[in-house]
There are 2 protein chains.
Amino acid sequence: MARPLEFNRDAALDRAMRVFWRQGYQAASLPDLLAEMGISRSSLYAAFGDKRGLMLECLDLFATRTLQILARARDGQPPLEALRQFFDRSVVDPPGGKAEWGCLLVNTVLEMADVDDGLSAHAAARLAQVQAGFEDCLRDAGCPPAQADELAAFLMLVNQGLRVSSRRAQPLQARRDQIATTFRVLSAAIPTEASST
Amino acid sequence: MARPLEFNRDAALDRAMRVFWRQGYQAASLPDLLAEMGISRSSLYAAFGDKRGLMLECLDLFATRTLQILARARDGQPPLEALRQFFDRSVVDPPGGKAEWGCLLVNTVLEMADVDDGLSAHAAARLAQVQAGFEDCLRDAGCPPAQADELAAFLMLVNQGLRVSSRRAQPLQARRDQIATTFRVLSAAIPTEASST
DNA sequence: GATATTCTGGACCGTTCAGTCCAGAATGCA
DNA sequence: TGCATTCTGGACTGAACGGTCCAGAATATC
């Protein structure tokens, strides 16, 4: 009944996600977050509980966005080509800056393992959802279930590796080559109609 | 000329490396390190400068050990089989506990990117040395130079991915399968005499 | 055994952290 | 216009951080 306005919660969450994405959970201080989100301490604690709760929501948001990117790539395109496009996009799309930030889920799994197992496990679970998305895609491409499972795990392996590469100083072309190698090698292993090249 | 004894510097460094390996740079507090190393604050600062200097030495130690493992695997064994053994060992060898800690270099590249670029770059440079070791191995296996470069990058990609997997809750068998898939797929791509399977 | 030199335990420092709290600003309703 | 209610900036708190310092323990030489 009074002062119904706040800030835009979704926008603030999006900003917070970028801070965690770039700096990691521990190095993202409250002042860092507040400055980027453009709100004050009280507002953050009222809206998100605490730093850890905010992080959990950021992990969910990141996973949702990742799954959306995959779903969009699948729209009206052969499944293998969709996967290739997903990987290409993941390497080329810097969030705005000049340097890549990798994958928030991968970053968090590594940073928080043996530090906050709950956070690490939460990120790992979201990563498993993405892997399930790969598997779905491969079944669509004609893989028998057992092989779809195996190759989805392999694709997740490559995805994880790429996200590490993107935080090393490697030039963009090197990562593109790694993707090309992966799909060249992968196409040869799939007994269905292969994608281009 | 007086009190020449200290603690064993190498042993202390080895202990410190394990703490950084398990917990990461930021979460490893001085009390954590001192307790594990069994020395006191003064001794640490006298011997290693500061926390960051200690970390740099730990990164070097880890890289040296990793290269030694690869060199030992190459001894009297076909190069491709040596690579496979290197990966198998890296997955099976837990440092003592029940959970895997991944790779200190990979962990550090991710954790410290955009937080302490110097540390991240140092770890990345050591990772490049390991990649050069892969490349050397592949040339030995009969790969032409250009392909050795490409496949070494691919192997490093897989290595990075595996180190992430090992910090997720995935069962050991899943990671073994990922390695098997990788080498099955890799063998098909090498135009030399392939390794077993 | 005395002394000079080096090492070590632990108290101490300023800084920064995540989280709490309250006074005051802002708004919907009457 | 005035009140009830909700939001917000910023001061504040206790704890933990990395790093410094010094008094005292320990030893090689004489």
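Everything quoted here is computed from the prediction, not taken from an experiment. Reminder, nothing fancy here: chain letters follow the sequence lines and each chain counts from 1.
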Side chain of B:S43 only, please: which of C:dC17, C:dG19, C:dT8 is the nearest? C:dT8
Tell me: CE of A:M37 to P of D:dC7, nearest whole Å? 16 Å
A:R175/A:E100 ion pair, N-O < 4.0 Å: yes
Whole angstrom is fine here: how far is it from CG in B:L44 over to P in D:dC21? 16 Å
N-O pairing of B:D136 and B:R139 below 4.0 Å: yes
What is the distance, rounded to the nearest whole Å, between atom CZ of A:R41 and atom C1' of D:dT8? 14 Å
Using a 4.0 Å heavy-atom cut-off across all strands, classify A:A28 as base, sugar-phosphate, or nothing. sugar-phosphate
Do the non-hydrogen side-chain atoms of B:Q26 and A:V115 ever get within less than 4.5 Å of each other? no
Donor-acceptor pair (no angle test) under 3.5 Å: A:S40 side chain, D:dC7 base: no
One pair to check against ring-ring contact (aromatic ring centres under 6.0 Å, His included): B:F86 and B:F134. What are the steps and the verdict? CA-CA 10 Å; B:F86 174 84; B:F134 292 162; 5.6 Å; yes
Between C:dG19, D:dC17, D:dG19, spot the one nearest the side chain of B:K51, thanks. D:dG19
Once you round it to whole Å, what is the distance between P of D:dG18 and CG of B:L33? 8 Å
Nucleotide nearest B:D50 (side chain, heavy atoms from C-beta), chosen from C:dC17, D:dG19, D:dG18: D:dG19
Could you please name the option among C:dG19, D:dG9, C:dG9 that lies closest to any side-chain atom of A:S42? D:dG9
Rounded to the nearest angstrom, tell me the gap between atom CZ in A:R9 and atom C1' in D:dT8. 17 Å
Rounded to the nearest angstrom, tell me the gap between atom CD in B:Q26 and atom P in C:dA18. 11 Å
Quick one: on DNA chain D, does A:A46 or B:Y25 contact a more 5' nucleotide (nearest heavy atom)? A:A46
How many Å lie between CG on B:L34 and C1' on D:dA16, as a whole number? 14 Å
How many whole angstroms separate atom OH of B:Y45 from atom C1' of C:dC7? 17 Å
In terms of side-chain geometry, is the basic nitrogen of A:R184 or A:D177 positioned less than 4.0 Å from the acidic oxygen of its partner? no
